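Step one of this worksheet: look at the structure below.
Whatever order the structure lists ligands and atoms in, that order sets their numbers, starting from 1. The figures that follow rest on heavy atoms only: side chains count, while hydrogens, waters and symmetry mates do not. Just so we're clear, the structure is a prediction, and the values are computed from it rather than from any experiment.
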Amino acid sequence: MFKKEVTVYSPATVANMVCGFDILGFALDGPYDRLTIRLTTERGVSIRNFDDFNLPVEPEQNVIGGALLAMLQVLEEGIGFEVDSTKIIKPGSGIGSSAASAAGAVVAANFLLNNRFSKLELVGFAMYGEKVASGVKHADNIAPAIYGGVTLIRSTDPLDIISIPSPRLFVTVLHPLIEVKTSSAREILKKEIPLKDAAVQWGNVAGLIAGLMKNDYELIGRSLVDIIIEPVRSILIPGYYEVKNCGLAAGALGGGISGSGPSVFMLSRDIETAKKVELAIISEYRKVGIAFETHVSEINYQGIKIVIH
Ligand code: HSE
């Protein structure tokens, strides 16, 4: 017997985690998108939006549709999905808006199908949603939304995802209210990098993973360095270095661009520092003259929350 309907809360996520372009990400404890999904007996996906973002409802053009159509490819006849989507996470904000939709949809659908798919398989389906959004099947927002915590995407083909244990970390996010499309933020990146820069970058990735696993906050902090992507993408974010420097001065361990931006995030070892960082960033960003929002949350180790009706 299948359950007929379920609601999930799918969290914002931070991809890249500074030095780990396309391979590292973590989930936030809010904001969340809400999706309610019903099983139908008619093959296909129908989507209704309950927000003001005017996202397309045609399944082929919608990240939810892209993800669920991929799942339907391997399901028997006589199964379809109706989705009610209420987005809170703004598209183009850099905190995994498309991933929240795609990952939330496949987790909810899987629940209705008595959890027949593994988390790894769900990431595989949800990546088709990312492809609809940005043309690229990156998994560094999808995987942390589904697994919770910090995740390493060692490989996307074949998919290989590793949950990385970490000490408690608190996140301050600045979201300037401008839109940066992931596809555009990828187009401007250099396609080749000098070997010496690659060595610096993978030293930092290894240092960050070691720091997380050893609960070594100092090592985490000094590994949050990106010499490849940040110099290029920071030009898309007015006031970027000012914000980052004032976050560091307020006591953050480190930080950088969240995903492809424009959001910026800073990590702190306790909530008091994360709130201090937020106040410092608010006062700094007021000078820039762009409207913005801020969020403070702990890294979310649970990922998507399922609400049973
Ligand atoms: N890794 C992706 C990128 C994340 O940086 O383009 C997009 O959210």
Item to complete: Would you sort out whether E130 and S98 count as a side-chain hydrogen bond (donor to acceptor under 3.5 Å, both in side chains), showing the intermediate values?
Response: CA-CA 6 Å; E130 288 291 40; S98 51; 2.6 Å; yes
Worksheet item: CZ of R168: more than 12 outside heavy atoms within 6.0 angstrom?
Response: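 Not more than 12 within 6.0 Å, no.
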Worksheet item: Would you find more than 12 non-hydrogen atoms of other residues, nucleotides or ligands less than 6.0 Å from F21 atom CZ?
Response: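 Above 12, so yes.
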Discussion item. If the test is salt bridge (charged side-chain N to carboxylate O under 4.0 Å, His left out), which one of R186, R154, K137 qualifies with D22?
Written reply: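 Option passing the salt bridge (charged side-chain N to carboxylate O under 4.0 Å, His left out) with D22: R186.
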Discussion item. Out of the candidates S260, S134, S97, only one should pair with T182 under the side chain to side chain donor-acceptor pair (under 3.5 Å) rule; please name it.
Written reply: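 Single side chain to side chain donor-acceptor pair (under 3.5 Å) partner of T182 among S260, S134, S97: S260.
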Fill in: Stacked cation flag K119 on Y147, 6.0 angstrom / 45 deg
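Satisfied, under 6.0 Å and within 45°.
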Worksheet item: Listing by chain and number, which residues have a heavy atom under 4.0 Å from ligand 1?
Response: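 Correct list: A15, N16, F21, D22, H138, D140, N141, T182, R186, R233, G259, S260.
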